[in-house]
Participant: 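Take this structure first; my questions come after.
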Amino acid sequence: MPDPVSDWMVERLAAGDLPADDARRVRAELEARGELGRLDAVLSANRTFLEAHPPARVVAEIERRGGPRRRPWLLVVPVLAAAAVMVALVVPRSSAPIVVAEGSDVVRLKGQQPYLAAYRKGDEGADRLRDGARVHAGETVQVAYVAAGQRFGVVASIDARGNVTLHLPEQPGAAYELVASGETPVPHAFVLDDTPGFERFVFVTSAHPFASADVVDALHGDKPLPPNLSLTDLTLEKEIP
Amino acid sequence: MAMDIDHLYRAFGPMVHRRCLRMLRDPEKALDAMHDVFVEMIRHRDRLHDGAPAGLLLRTATNVCLNRLRTERRHPEDRDDELLLAIAAEPDETPASRAVARRVLDRLFATQPVSTRLIAVLYFVDRLTLDEVAAEVGLSVSGVRKRLRGLQTLREKGLVDA
């Protein structure tokens, strides 16, 4: 006797994912076994789910988390030359990922957690840059954060040469007391320099005060990030023309 | 391939959510994970050439959930759950510290080998046949068998047959 029709095949049949011949075969097999009810159950569950989670709302959330979006250039902040914005922490190091202590509770945050957004100034407004977006030297980027209720935070970046830049706060010291809700730009947009590779932005947050040095040390690979801090990041890939 | 997220969600969103719910056992976490699965699809839209996206969505959802299970500490609800948590804890072939965990998902879209953890979930938890697993992951049946034989930790725990 042939193998039973797997739940996976029923899912694919219900979703219209099977080539026509396979779809006919699977349906015929279900009918021969008196199991067309399985297909009906999946189709009914799909309808119920989509009613409870309408596409317009879900797709908007998906795009907010990482899809492309254009919006007017509302971030009226001074655009300073890269040299003026760079904080004096340019110490060439290897571009290791941020060090996280083994077994720590540092978690990668997504969804309704704190996150970073980045925008590139374009001719018709600002383009939202998703994680992994390609950027070029000379482009102007504005980073913004959503604190999602976290009280203290640091926004920093590291490039492929290991140069670390503090964006919030702009000077070493205590972590910044964040705006609790909404999307808040860091103080200055900046012009990307010609260092090849990438620019990785990290947003480290906590309910309690901490030092920006904790983040800088972790980016340099000197020490792990303390376990009470939460981390999210966004990387822009630098394209050489 | 042009990506119409609205169409993809309507056709496969419920399936992805069911997949995440099965693995995470929590409707809110499953909903959150489902969103992230589609974000991964957007992120790698340039590299999508698949006219039958269900398999890619299944693999992506499985890996998104395995990564989340890895950091969870919960008591397994049943044997399948115990198996899933054990698979999630299996060391992956490729180094993946928390700091670079996201890059593991990139491998789904690159030419690197599919993870044995994914194969283990499809076979032991989803109970797909060897042929179905092979078709989903792009390996031969003997290749799938070989990977499954390598799951020493699961065998030692008695979670799968020797």
Participant: Answer yes or no: is there a side-chain heavy-atom contact under 4.5 Å between Phe203(A) and Leu234(A)?
Facilitator: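 With C-beta onward as the side chain, the pair stays apart.
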
Participant: Please classify the contact of Pro19(A) with chain B as side chain, backbone, both or neither, using a heavy-atom distance under 4.5 Å.
Facilitator: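 Neither; nothing under 4.5 Å.
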
Participant: Quick one: are the ring centres of Tyr9(B) and His53(A) less than 6.0 Å apart?
Facilitator: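 Tyr9(B) vs His53(A): aromatic centres not under 6.0 Å.
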
Participant: Test: salt bridge (charged side-chain N to carboxylate O under 4.0 Å, His left out). Region: residues 39-53 of chain A. Which pairs qualify, not counting sequence neighbours?
Facilitator: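 Listed once each, the pairs would be none.
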
Participant: Could you report the tightest heavy-atom contact between His167(A) and Val186(A), atom names first, then the distance?
Facilitator: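 Taking every non-hydrogen atom into account, O-CB, 4.0 Å.
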
Participant: Look at Glu132(B), Arg10(B), Arg127(B) and state which one has the largest set of heavy-atom pairs under 4.5 Å with chain A.
Facilitator: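 The candidate making the most pairs under 4.5 Å is Arg10(B).
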
Participant: Select one option (side chain, backbone, both, neither) describing which atoms of Arg18(B) are under 4.5 Å from chain A's heavy atoms.
Facilitator: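 Side chain of Arg18(B) only, per the 4.5 Å heavy-atom cut-off to chain A.
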
Participant: Give, as side chain, backbone, both or neither, the part of Asp126(B) having an atom under 4.5 angstrom from any heavy atom of chain A.
Facilitator: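 Neither part.
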
Participant: Contact part of Asp7(A) toward chain B, heavy-atom cut-off under 4.5 Å: side chain, backbone, both or neither?
Facilitator: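 Neither part; nothing is under 4.5 Å.
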
Participant: Please flag which part of Leu31(B) lies under 4.5 Å from any non-hydrogen atom of chain A: side chain, backbone, both or neither.
Facilitator: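 It is the side chain, since no backbone atom gets that close.
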
Participant: Please list, chain by chain and in numerical order, all residues satisfying side chain to side chain donor-acceptor pair (under 3.5 Å) with Glu35(A), sequence neighbours excluded.
Facilitator: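 Glu35(A) satisfies side chain to side chain donor-acceptor pair (under 3.5 Å) with Arg38(A) only.
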
